[in-house]
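The block underneath contains the structure these notes are about, expressed in structure tokens.
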Amino acid sequence: MLTTLDWIVIVLYLLLTIATGLWYGGHQRDADDYFTGGGRMTSTFQNILVGLSIAATLFSGISFIAFPSIVYKNGVTVFFVLVSFIVSWFVLKYWFLPRYMKNPPREPYQVIEEHFGIQVRTLAAGMFLLLRVGWMAALIYAPTVALMGAIGLEDGWFWAIAITIGVSSTVYASLGGIRGVIATDAMQFVVIAGSLVLALIIILTKMPISWSQAAQSLADNGKLKVANFSLNPTVPFTIWAMLAGFTVANLSSYVSDQMSLQRYITCGSEKAAGRSFGINTIGVILVVVLLCLVGLGLAAWYISVPASDLPADADQVFPYFIATQLPTGVTGLVLAAILAATMSSMTSGINTLSANITLDFRARFGSPMTEKQKLRYARNTSLLIGLLATVLAGLVSYLGDIFDIAQTLLGAFLGPLLACIVCSLLRMRVQPIAMIVGMLVGSVVAWVIAFSPWQSLWVAPSAFTVSMLIVGLGSLVKPMETRATSEQSAT
């Protein structure tokens with residue numbers, strides 16, 4: 001159970017986060033300032049903040065719970081995820097950013113409209129909207145369940161905790177704008193990394209057996225098996241599933257997710273965006289290693305000294321350890337870190353979805369608005385998005401465990417969106433209808449796989465591959481007017 005000191009730490013952290021977001025956000029002059037900071041976050045310090053913000057955004061409360069649980073269940077083989085971040089860095093550094101930031105866009109999906117037109121951009125924006133609303137609901141669900149397990153609360157407390165998380169995030173996201181979101185994200189990244197270091201130190205120092213005995217128990221239970229080379233897509237965490245799944249999922253998040261694209265735009269130039277992404281890569285690798293080591297430590301601990309009331313659900317093992325083994329105060333700090341991971345992603349999602357609705361839909365299909373009206377509309381939209389995600393949090397549990405939920409939502413929408421961005425930057429000569437069909441079919445295939453015996457890591461690669469294949473076939477078909485022109489030329 002949490003002590004008074006733990007509650008003080010959690011409450012003070014929530015208040016500090018909201019205050020930081022409001023203070024750093026300052027006064028936004030227009031919607032461009034609200035969504036991208038006017039592209040003026042160009043200094044080295046600001047690039048560091050942006051880089052840490054990207055890292056904190058992508059490592060939400062879902063990751064905080066999911067990574068220790070999958071390592072706890074599957075062992076060191078999950079460390080292969082690190083390869084995907086290195087691949088992502090090379091692709092972003094040497095292929096994507098030079099093209100995307102050559103003439104920095106003012107809006108994330110502007111490059112899609114320039115190549116494919118307004119219909120494809122609208123579809124892309126709609127898919128992103130569905131993705132992030134569902135994803136934010138999962139964001140609230142994951143830490144809520146973790147906190148309930150750690151504190152020992154009954155199911156009736158779910159909505160009280162979910163509403164607290166949702167409302168806290170919504171308040172400073174709607175008022176602080178992107179600068180407030182980036183500042184709090186950076187602060188939360190430090191809290192996340194620091195709490196994981198503390199948790200890992202406590203696991204290692206309080207381990208009830210020697211390190212050599214712990215290593216032997218892990219080996220005896222197959223947790224130190226480096227890789228599974230099975231080609232069976234129903235086998236969990238094979239080397240092929242991890243290399244393909246994590247690489248495509250990471251590239252999708254960095255290349256086609258408006259939350260990432262929005263941050264590149266705030267940097268204002270390719271050089272500054274590249275610097276921020278490099279900082280993100282270092283930060284992400286650090287957090288992934290810490291999360292995986294925590295999961296491995298938990299496996300060694302509970303294999304050697306089983307607990308009679310240990311949760312059967314692997315997602316609950318880390319929260320259980322936090323509640324039963326961490327010292328007073330540290331428990332509150334680690335639970336605050338779970339909230340930090342959640343709120344950083346939640347606020348980013350709120351701000352980005354507000355931009356998505358305001359710029360991709362309202363500004364294009366509604367009546368003209370002044371800049372002040374657009375800013376007011378963006379803030380009101382942020383409030384509604386936060387409330388909607390909070391309400392939907394109660395439905396998330398029907399999608400499976402936390403890791404599968406994340407992989408399904410990201411893969412089903414970001415896989416086709418990655419194909420769309422890649423085709424746009426490659427300037428592929430293909431009719432917009434082929435891109436639309438490719439994205440829709442890719443998403444359908446992803447959902448079929450998500451509810452099949454295949455592992456969820458295959459959702460994103462399958463969606464991306466199917467979308468690209470359909471677009472590739474479409475590129476072989478010339479428009480009717482082109483064929484007609486060719487026939488006239490021949491005669």
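In this chain, numbering begins with 1 at the start of the sequence shown.
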Do the non-hydrogen side-chain atoms of Phe96 and Ile421 ever get within less than 4.5 Å of each other? yes
Assess whether side-chain contact (heavy atoms from CB on, under 4.5 Å) is satisfied between Leu353 and Phe128, documenting all intermediate values. CA-CA 8 Å; Leu353 276 183; Phe128 179 78; 3.8 Å; yes
With heavy-atom distances below 4.5 Å as the criterion, would you say the side chains of Arg99 and Val111 are in contact? no
May I ask you to test the Ser424-Phe116 pair for a side-chain heavy-atom distance under 4.5 Å? yes
Would you say the side-chain atoms of Tyr109 pair up with the backbone N or O of Ser256, donor to acceptor, closer than 3.5 Å? yes
So, for Val78 and Cys292, which heavy atoms are closest and what is the spacing to 0.1 Å? CG1-SG, 4.5 Å
Hey, is the main chain of Arg275 close enough, under 3.5 Å, to the side chain of Lys93 for a donor-acceptor pair? no
Between Ser84 (side chain only) and Val81 (backbone N and O only), is there a donor and an acceptor less than 3.5 Å apart? yes
Test item: side-chain donor near acceptor, Thr234 and Asn232, under 3.5 Å: yes
Do Leu296 and Val76 make a side-chain contact, defined as non-hydrogen atoms from C-beta onward lying under 4.5 Å apart? yes
Which heavy atom of His115 sits nearest to which heavy atom of Met428, and what is that distance? NE2-O, 2.6 Å
Do any N or O atoms from the side chain of Ser354 and from the backbone of Ile350 form a donor-acceptor pair under 3.5 angstrom? no
Give me the atom names and distance for the closest heavy-atom approach of Leu224 to Ala215. CD1-O, 3.6 Å
How long is the span from the OG1 atom in Thr408 to the CG atom in Leu457, to the nearest 0.5 Å? 10.0 Å
Flag, side chain of Thr465 to backbone of Ser462, donor-acceptor distance under 3.5 Å: no
Closest approach of Ile265 to Pro108 (non-hydrogen atoms, all atoms of both residues): CD1-N, 3.7 Å
Would you check if Leu326 and Val334 make a side-chain contact, meaning some heavy-atom pair closer than 4.5 Å? yes
Quick check for you: to the nearest 0.5 Å, what is the distance between Ile203 atom CD1 and Leu198 atom CG? 11.0 Å
Holding to side-chain contact (heavy atoms from CB on, under 4.5 Å), I want the full list of residues that pass it with Val441, two or more places apart in sequence or in another chain. Val437, Val445, Val466, Ile470
Quick one: list whatever passes side-chain contact (heavy atoms from CB on, under 4.5 Å) with Leu388, sequence neighbours left out. Val133, Leu392
Output yes when a side-chain donor or acceptor of Tyr254 lies under 3.5 Å from a complementary backbone atom of Trp89, and no otherwise. no
Quick check: does any side chain N or O of Lys223 sit under 3.5 Å from a backbone N or O of Tyr72, one acting as donor and the other as acceptor? yes
Polar side-chain atom of Ser443 near backbone of Ala412 as donor-acceptor pair, under 3.5 Å: yes
Ignoring hydrogens and angles, state whether a donor on the side chain of Asn250 or Ser88 is under 3.5 Å from an acceptor on the partner side chain. no
Under the side-chain contact (heavy atoms from CB on, under 4.5 Å) criterion, do Ser253 and Leu414 qualify, and how do the steps go? CA-CA 7 Å; Ser253 296; Leu414 283 184; 3.9 Å; yes
Considering only heavy atoms from C-beta outward, does the side chain of Leu290 approach that of Phe67 to under 4.5 Å? no
Phe229 and side-chain contact (heavy atoms from CB on, under 4.5 Å): which single residue from Ile239, Val235, Thr238 fits? Ile239
Testing the basics here: between Ser467 and Ala419, what is the closest heavy-atom pair and its distance to 0.1 Å? CB-CB, 3.7 Å
Any Met127 side-chain heavy atom under 4.5 Å of Pro416 side chain: yes
Any donor-acceptor pair under 3.5 Å linking the side-chain atoms of Asp220 with those of Ser217? no
Do the rings of Phe321 and Trp301 sit parallel, tilted or perpendicular, given the 30° and 60° boundaries? perpendicular
Is the Trp447 ring parallel, tilted or perpendicular to the Phe451 ring (thresholds 30°, 60°)? parallel
Summary of salt bridge (Lys or Arg N to Asp or Glu O under 4.0 Å) pairs that have at least one residue in residues 120-129, sequence neighbours excluded: Glu107-Arg121, Glu113-Arg121, Arg121-Asp360
Do you know which two heavy atoms are closest between Leu409 and Leu131, and how far apart they sit? O-CD1, 3.1 Å
Do Trp95 and Leu425 have side-chain heavy atoms sitting under 4.5 Å apart? yes
Walk me through it: do Phe277 and Asn280 pass the test side-chain contact (heavy atoms from CB on, under 4.5 Å)? CA-CA 5 Å; Phe277 183 73; Asn280 155 80; 3.4 Å; yes
Between Phe246 and Val83, does the side-chain contact (heavy atoms from CB on, under 4.5 Å) criterion hold? Intermediate values first, please. CA-CA 9 Å; Phe246 281 120; Val83 175; over 6 Å; no
Look up atom CG in Asp313 and atom OG in Ser69, then write down how far apart they are to the nearest 0.5 Å. 8.0 Å
Evaluate whether atom NZ of Lys225 has more than 12 neighbouring non-hydrogen atoms of other residues, nucleotides or ligands under 6.0 angstrom away. no
Under 3.5 Å, side chain of Lys73 to main-chain N/O of Ala314, donor-acceptor pair present? no
